[in-house]
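Data first, discussion second: the structure below is written as structure tokens.
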Amino acid sequence: NTGLVILPYLFSESPDDTKFGINLSMISDSLKYARDKKITKPLFAMINIGSGVLNHPRILNYIIERYDDDFDSKIQGYFIMIDQFNNKKASDEALHGLAHLVFQLLKNKKDVFLLKIGAFGEILSAIGASGFSSGLATGESFYEEGLREKATGFGRPISKWSYIPE
């Protein structure tokens, strides 16, 4: 009873990473599968990339072309998650780069959601992003290295932070 489908993806540091091409292939294969199985739920692509690309407009434009131009009519929108993005410490170039990425993906009337983005999600929502998520302490940012940490307790890495509501 899901409301939408997020297509399979892997974290990819940059378009030079082999996993970037694999992600595009997985999207293409998933779109064919959805068509063959007559899946009518909205399909969303995940862009899970390293923060280093945000400082390079040509690289960002390449990513936009690969995701938006190649799959435009077949997907409803995007989820974006940037590795090691900390809006409090990010350079002006990185903030502008992320805003550019979001704005360009919005141009074809797609939904764009940002995950683990911190307070900068509010600004991106002001330029048209459909929504964002944030969390407490380490939940404000995505760290690819955290995917490699050994799970403990309830299947989550132990955090160095504790939230005390009082």
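Only this structure's heavy atoms are used, side chains among them; waters, hydrogens and symmetry mates stay out. Just so you know, residue 1 is the first one in the sequence shown, and it goes up from there.
To the nearest 0.5 Å, atoms CG (Leu106) and CG (Asp68) are separated by 9.5 Å. One distance of note links NZ of Lys89 with CD of Gln84; it measures 10.5 Å at 0.5 Å rounding. In this structure, CZ in Phe132 is found 9.0 Å from CG in Leu114, a value given to the nearest 0.5 Å.
Between Phe20 and Glu13 there is no side-chain heavy-atom pair separated by less than 4.5 Å. Considering only heavy atoms from C-beta on, Met46 stays 4.5 Å or farther from Phe113 through its side chain. The shortest side-chain heavy-atom distance between Lys110 and Asp72 falls under the 4.5 Å cut-off.
Between Tyr67 and Tyr78, the angle of the ring planes goes over 60°, which puts this pair in the perpendicular group of the 30/60° scheme.
A side-chain contact (heavy atoms from CB on, under 4.5 Å) with Leu98 holds for exactly one of Leu60, Ile117, Val53; it is Ile117.
Across Asp111 and Ser130, no two heavy atoms sit closer than the pair OD1-OG, 3.1 Å. Residue Ser134 comes nearest to Gly118 through the heavy atom pair OG-CA, 3.3 Å, listed as atom of the first residue, atom of the second, then distance. For the residue pair Ser30 and Leu7, the shortest heavy atom distance occurs at CB-CD2, 3.7 Å. Across all non-hydrogen atoms, the minimal contact from Leu101 to Ile80 is CD2-CD1, 4.1 Å. The shortest heavy-atom contact between Val102 and Ala129 is CG1-CB, 4.1 Å.
Counted by atom type alone, Asn48 and Asp83 present zero donor-acceptor pairs between their side chains at under 3.5 Å.
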